[in-house]
Amino acid sequence: MATVILVRHGRTTANATGLLAGRAAGVDLDQIGRDQAAQTGERLAAVPLIGVVSSPLERCQQTAQFILDRQPGTPGLLVDPALIECDYGQWQGRTLSDLATESLWPMVQSQPSAVVFPGGESMAAMQARSVAAIRRHDAAFEAEHGQEAVWVAVSHGDIIKSILADAFGMHLDLFQRINIGPASLSIVHYGTSRPSVYATNTTAGDLSWLSKDTLAGDAPVGGGAGHKAP
């Protein structure tokens, strides 16, 4: 199958003030977030992408544009509502410090599979629709461009954590062990027998090996020889 690079949007004005933005409109990257997205675009310039899929929210589309601006080719941009932020319902627009006093907060931390946000979405439904979307796009890109295709999905922290939990074979209740920072990159290859996670939460490092290596579906016994030199 193809290889997906999961990109979280850069830092936003809401992130900077500790606000849970959720699906609110008009939440843009701040200057630090724009710098982060530009750096991410620079890292990905070494990888010829065949497509970029983004959450419909502004902060993700802004991050996606920084990536597209540095691509030597002309990969298309798709906007997929299935990659939108979790619907936090009545939690949206409140500060994280305030939400930490809610009785639901400990369950969000330790048993997210049982969480349904008041007036919003369950975390299990969030994972199901985002994983299904990633796998659907991955299969379509592979069918059109071949097994060496590399594409990018730009989304949100909890969305990417839930996708990685699925790729790791982890129960959703363990997904809070995964950290995904602003504008970070995580890499997953969906092989014929299982997904392989090649990186999580990276913000630096050469990625040119992705344009040279053919990622295998089978795990190399003993760890293998690693990536080709830049």
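What you see below is based on every heavy atom in this structure, not just the backbone, and it leaves out hydrogens, waters and symmetry mates.
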Shortest non-hydrogen pair, Gln36 vs Pro182, comes out as OE1-CB, 3.5 Å
How long is the gap from CG on Leu99 to OG on Ser97, to the nearest 0.5 Å?
8.0 Å
For Leu104 and Phe117, run side chain to side chain contact (heavy atoms under 4.5 Å, CB included): C-alpha distance rounded to whole Å, both residues' side-chain angles, the deciding distance at 0.1 Å, then the answer.
CA-CA 8 Å; Leu104 186 62; Phe117 290 102; 4.3 Å; yes
Which distance, rounded to the nearest 0.5 Å, do you find between the SG of Cys60 and the CD of Gln65?
13.5 Å
Among side-chain atoms of Gln176 and Lys161, is any donor-acceptor pair under 3.5 angstrom?
yes
CG of Asn179 to CG of Leu164, rounded to nearest 0.5 Å, is 11.0 Å
Output every pair passing salt bridge (Lys or Arg N to Asp or Glu O under 4.0 Å) with a member in residues 14-35, not counting sequence neighbours, ordered by first then second residue.
Arg11-Asp30, Arg23-Glu121
Check for me, please, whether Val154 and Val79 land in the same ILVMFWY cluster - side-chain distances under 4.5 Å, paths through other members count.
no
Residues sharing Phe66's hydrophobic cluster, by side-chain heavy-atom contacts under 4.5 Å among ILVMFWY, directly or via others?
Leu29
Just jot down the salt bridge (charged side-chain N to carboxylate O under 4.0 Å, His left out) partners of Arg70, sequence neighbours excluded, or say none.
Glu42
Within-4.5 Å side-chain heavy-atom neighbours: Leu185 and Thr40:
yes
Flag side-chain contact, heavy atom, 4.5 Å: Trp91 against Val108:
yes
Are Leu77 and Val47 connected in a single hydrophobic cluster, I mean Ile/Leu/Val/Met/Phe/Trp/Tyr linked by side-chain heavy atoms less than 4.5 Å apart?
yes
In terms of heavy-atom contacts, Ala167 and Val197 come closest through CB-CG2, 3.8 Å
Going by side-chain contact (heavy atoms from CB on, under 4.5 Å), name the residues that satisfy it together with Pro81, two or more places apart in sequence or in a different chain.
none
Apply the test side chain to side chain contact (heavy atoms under 4.5 Å, CB included) to residues Leu210 and Ile187: give CA-CA distance (whole Å), side-chain angles for both, the deciding distance (0.1 Å), then the verdict.
CA-CA 10 Å; Leu210 276 168; Ile187 304 171; 3.9 Å; yes
Ile134 vs Val53 side-chain heavy atoms within contact, under 4.5 Å
no
Spacing of Ser54 atom OG and Leu83 atom CG [to the nearest 0.5 Å]
8.0 Å
With a 4.5 Å limit on heavy-atom distance, are the side chains of Leu6 and Val188 in contact?
yes
For Ser162 and Val131 the tightest heavy-atom approach is O-CG2, 4.1 Å
Taking atom OH of Tyr88 and atom CE of Met123, what is their separation to the nearest 0.5 Å?
6.0 Å
Residue pairs, two or more places apart or on separate chains, that pass side chain to side chain donor-acceptor pair (under 3.5 Å) and touch residues 106-118:
Ser113-Asp173
Begin with the C-alpha distance, continue with both residues' side-chain angles, and end with the deciding distance and a verdict on side chain to side chain contact (heavy atoms under 4.5 Å, CB included) for Leu20 and Thr95.
CA-CA 6 Å; Leu20 184 64; Thr95 64; over 6 Å; no
Considering only heavy atoms from C-beta outward, does the side chain of His9 approach that of Thr12 to under 4.5 Å?
yes
Under 4.5 Å between side-chain heavy atoms, chaining through other members, with only Ile, Leu, Val, Met, Phe, Trp and Tyr counted: pull out the rest of the cluster around Leu57, sorted by chain and number.
Ile84
Indicate whether the side chain of His189 and that of Thr3 have a donor and an acceptor atom separated by less than 3.5 Å.
yes
Shared hydrophobic cluster for Trp105 and Phe175 (ILVMFWY, side-chain gaps under 4.5 Å)
yes
Short question: side chain of Gln39, backbone of Ala183 - any donor-acceptor pair under 3.5 Å?
no
Tightest non-hydrogen contact, residues Asp80 and Ala133, listed as OD2-CB, 3.9 Å
Contact summary for Gln127 and Asp166, nearest pair of heavy atoms:
NE2-N, 3.9 Å
Between the main-chain N or O of Thr13 and the side-chain N or O of Thr17, is there a donor-acceptor pair closer than 3.5 Å?
yes
Indicate whether any N or O donor in one side chain lies under 3.5 Å from an N or O acceptor in the other, for Arg8 and Thr63.
no
Tell me whether Ile163 is reachable from Leu78 by hopping between hydrophobic residues (I, L, V, M, F, W, Y) whose side-chain heavy atoms are closer than 4.5 Å.
yes
Check whether any side-chain heavy atom of Val52 sits under 4.5 Å from a side-chain heavy atom of Trp151, and report yes or no.
no
Give a yes or no on whether the backbone of His156 and the side-chain of Glu85 come within a donor-acceptor separation of less than 3.5 Å.
no
Indicate, with yes or no, if Val27 and Ile160 share a hydrophobic cluster defined by side-chain heavy-atom contacts under 4.5 Å among Ile, Leu, Val, Met, Phe, Trp and Tyr.
no
Interatomic spacing from CG in Asn15 to CG in Leu96 - rounded to 0.5 Å:
9.0 Å
Side-chain heavy-atom pair Ile159, Arg129 within 4.5 angstrom cut-off
yes
Side chains of Arg43 and Thr202: closer than 4.5 Å at any heavy-atom pair?
yes
Which heavy atom in Ala14 sits nearest to a heavy atom in Ala21, and how many Å separate them?
CB-CB, 3.8 Å
